[in-house]
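The figures here come from the full heavy-atom set of this structure, side chains too, leaving out hydrogens, waters and symmetry mates. Below, chain A is the first sequence line, B the second, and so on; all start at residue 1.
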2 protein chains.
Amino acid sequence: MKRISGLTAQEKKRRVEAFRKYCSENGIPFTVQRRIVLQEVLNLNTHPTADTVYSLPSVRSARISRATVYRTLENLVQAGAITKTCHPGGKVRYDGRTDIHHHLVCLRCDSIIDITNKALDALSIPDTSALDFDVKDFRVQLRGLCRRCRRMEDKP
Amino acid sequence: MKRISGLTAQEKKRRVEAFRKYCSENGIPFTVQRRIVLQEVLNLNTHPTADTVYSLPSVRSARISRATVYRTLENLVQAGAITKTCHPGGKVRYDGRTDIHHHLVCLRCDSIIDITNKALDALSIPDTSALDFDVKDFRVQLRGLCRRCRRMEDKP
DNA sequence: TTAAGTGCAAAAGCTTTGCGGGTAG
DNA sequence: CTACCCGCAAAGCTTTTGCACTTAA
């Protein structure tokens, strides 16, 4: 079990380049706003909500509106540049990682911690053809209590 | 790969009884509203939002308020009578099943389909002690496109 | 040039909260 | 009885939308 740390500068650059290429190939304008929002999601190792992204200093100082942040995050998901993360809370959360990895999900505070584990990655995906479901990827969620919440349970 | 169908009447009855017992042991009033909301979540094989539960005929005819539905669902989760389901959308969704099972998650329409699969159940949970994370259970999410959305992709 | 994107502000949708009356134990 | 719960209505968040202006290609 290893906790995942952030992307390298090189990887981030490659991801932004890939999105730029996607845009030009699909006739989608590669705007300043899209570049900044993508870069910021890649910078975060957390799993931010739209509003968290909106509040980031670089997003604020570029005067990007809240509506654009919401729209852009969805565009980035459609383009495959970022993903949406599954979680038990009531807000949409995004993830700069698009590769297979897994999550520790705290059932008390909704925090999400990325983990990587070869045994989990090697999971063989069952055949879902009978249900006509087309599986693109998978995630394993280990659900429980994070360090902070465990301590609060001990001394409530 | 088998799709899970609903709980039997017997199982539902047992689950309601277990909650009644939990209430009496913990000095929590077992109100009509709590019983009805629990029964209705157990009846559904879907993964309803609070508002979906609120809209059910039996909930409406019992004149249970929206606020009570929201509060009650959270109470039931705290009591371990139901669970919250992880998903990529922007609403909290609940699940009448508390046992280990897995989900097909549609990335386009956010629908969730329960599945059961022995290979997935047998997944060995990695050691998370180094992160001080206390794993209670796990879920495997197979992410992709459901039947309906696949068809819409073909003919957009 | 021009189709698409953006900012703004308002609307819409989801969830929580305060409070007076009601109810389970 | 009495603490806790419920319904109501209002407030507080989160997200989407319509429209006039701006911009990438």
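Annotation for B:R108: atom CZ counts as buried by contact number, over 12 foreign heavy atoms lying within 6.0 Å. Counting heavy atoms of neighbouring residues, nucleotides and ligands inside a 6.0 Å radius, atom CZ of A:R63 does not exceed 12 of them. More than 12 heavy-atom neighbours from other residues, nucleotides or ligands sit within 6.0 angstrom of CD on A:E25.
Between B:F138 and B:H102, the distance separating the two ring centers is shorter than 6.0 angstrom. A distance of 6.0 Å or more separates the ring centres of A:H103 and A:H87.
Across A:D110, A:D114, A:T83, a single residue satisfies side-chain hydrogen bond (donor to acceptor under 3.5 Å, both in side chains) together with A:H47, and that is A:D114.
In summary, the side chains of A:S65 and A:T68 do present a donor paired with an acceptor at a separation below 3.5 Å, with no hydrogens or angles considered.
Of the side-chain N and O atoms in A:S65, none sit less than 4.0 angstrom from OP1 or OP2 of C:dT6.
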ask   = Reading nucleotides 15-25 of chain C from the 5' end, what letters show protein touch, with B for base, S for backbone sugar-phosphate only, - for no heavy atom under 4.0 Å?
value = BBBB-----SS
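Remark: C1' of C:dC8 and CZ of A:R63 are 14 Å apart, rounded to the nearest angstrom. Atom CG of A:L73 is separated from atom C1' of C:dT6 by 15 Å (rounded to the nearest Å). Taking atom CZ of A:R35 as the reference point, atom C1' of C:dT6 lies 16 Å away to the nearest angstrom. Residue A:I64 contributes atom CD1, which lies 15 Å from atom C1' of C:dC8 at whole-angstrom precision.
Side-chain N or O atoms of A:R150 include one that pairs as donor or acceptor with a backbone N or O of B:D132 at under 3.5 Å.
Where DNA chain D meets chain A (any atom under 4.0 Å from a heavy atom), the bounding nucleotides read 5' to 3' are D:dT14 to D:dA25.
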